[in-house]
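Below: the structure, in structure tokens.
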Amino acid sequence: MTESNTKHILAISGSLRRKSSNASVLQAASQLGAERFHFTFYNGLDTLPHFNPELDGDGDEAPEPVRGWRAQLRAADGVIICTPEYANGVPGSLKNALDWIVSSGEFLDKPTAVISASPNPLGGDKAHASLLLTLKMLTASIAEGATLKIPMVSKKLNAEGEVTDEATLGALKQVLHVLERQMQPSS
Ligand code: FNR
């Protein structure tokens, strides 16, 4: 956790593409929240080995990329995941990363926002639902209002890949607001 009042958010894109629209959405969120949050972008999805509990040992013996992934989660006050849908489900690399957390528990009560973005009109609804099931199993804390589906995402970006659609930017602000409230210490 960060020591100052600035909350630290770990942003995770479920896409490995260089020009990913999901990464663009996370970039927009980081710009909208720049004054209140410190964003770190996790970029190790494709460095994690395929999940195998036999590689995990007692946790200290887990492969180095897995230890790094877990450490980044532990250091975050909150998490935002933005993912595409592949073949009606969560991209395998993202699911693989989450499988590594089942036994180590870094998502326990972690304030988490879940966003899916797709060029199709359903906004990746099946990946979204499946991701929620997985994160709830990991006991992530997902508040009402901390979820968002972004349909037709390609129409909401400009030629530089920046989110320019006002409604989408407004919805992202609202998600950040809910996440921020959740990260406040309860009095
Ligand atoms: C897709 N895409 C897709 N979209 C969707 O809404 N439902 C789906 O089941 C799939 N399946 C799928 C399979 C494969 C093999 C590809 C290549 C693509 C489209 C996908 O949402 C689109 O490529 C997004 O733009 C990917 O997100 P990024 O990389 O732009 O963040």
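All residue numbers in this chain count up from 1 along the given sequence. All ligand and atom numbering here is 1-based and tracks the order in the structure.
In terms of heavy atoms, Ser13 sits closest to Ser20 at OG-OG, 3.8 Å. Contact detail for Pro151 and Lys156: the closest heavy-atom pair is O-NZ, 2.9 Å. When every heavy atom of Cys82 is checked against every heavy atom of Ala117, the shortest pair comes out as SG-CB, 4.4 Å.
Nearest protein neighbour of atom 11 (N) of ligand 1, counting heavy atoms only, is Ala87 N, 3.0 Å. Looking from atom 31 (O) of ligand 1 to the surrounding protein, the closest heavy atom is Ser20 OG, 2.6 Å. Closest to atom 6 (O) of ligand 1 among all protein heavy atoms lies Ser118 OG, 2.7 Å. In this structure, the protein non-hydrogen atom closest to atom 25 (O) of ligand 1 is Ser21 OG, 3.8 Å. Of the protein's heavy atoms, Tyr86 CD2, 3.9 Å lies nearest to atom 14 (C) of ligand 1.
The closest non-hydrogen atom to atom 22 (C) of ligand 1, taken over Gly124, Pro84, Ser24, Pro119, comes from Pro119.
We find that Arg36 and Glu180 are joined by a salt bridge, their nearest charged nitrogen and carboxylate oxygen being less than 4.0 Å apart. Ion pair Arg67/Asp56 not flagged as a salt bridge, since none of the NZ, NE, NH1 or NH2 atoms sits closer than 4.0 Å to an Asp/Glu carboxylate oxygen.
The ligand atoms of ligand 1 that sit less than 4.0 angstrom from a heavy atom of Asn22 are 27 (O), 28 (P), 31 (O). Close approach of ligand 1 to Asn88 is summarised as follows: ligand atoms under 4.0 Å from at least one heavy atom of the residue are 8 (C), 9 (O). Residue Ser15 has at least one heavy-atom neighbour below 4.0 Å for each of these atoms of ligand 1: 28 (P), 29 (O), 31 (O). The distance from ligand 1 to the heavy atoms of Arg17 drops below 4.0 Å at these ligand atoms: 28 (P), 29 (O), 30 (O).
In summary, the side chains of Ser104 and Glu106 do present a donor paired with an acceptor at a separation below 3.5 Å, with no hydrogens or angles considered.
Between Glu85 and ligand 1, at least one N/O pair is under 3.5 Å apart. The shortest N or O to N or O distance between Ala23 and ligand 1 is not under 3.5 Å.
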Yes or no on side chain to side chain donor-acceptor pair (under 3.5 Å) for Glu85 and Ser116, after CA distance, side-chain angles and deciding distance?
-> CA-CA 7 Å; Glu85 177 174 280; Ser116 57; over 6 Å; no
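Tyr42 and Trp69 have tilted rings, their planes meeting at an angle from 30° to 60° on a 0 to 90° scale.
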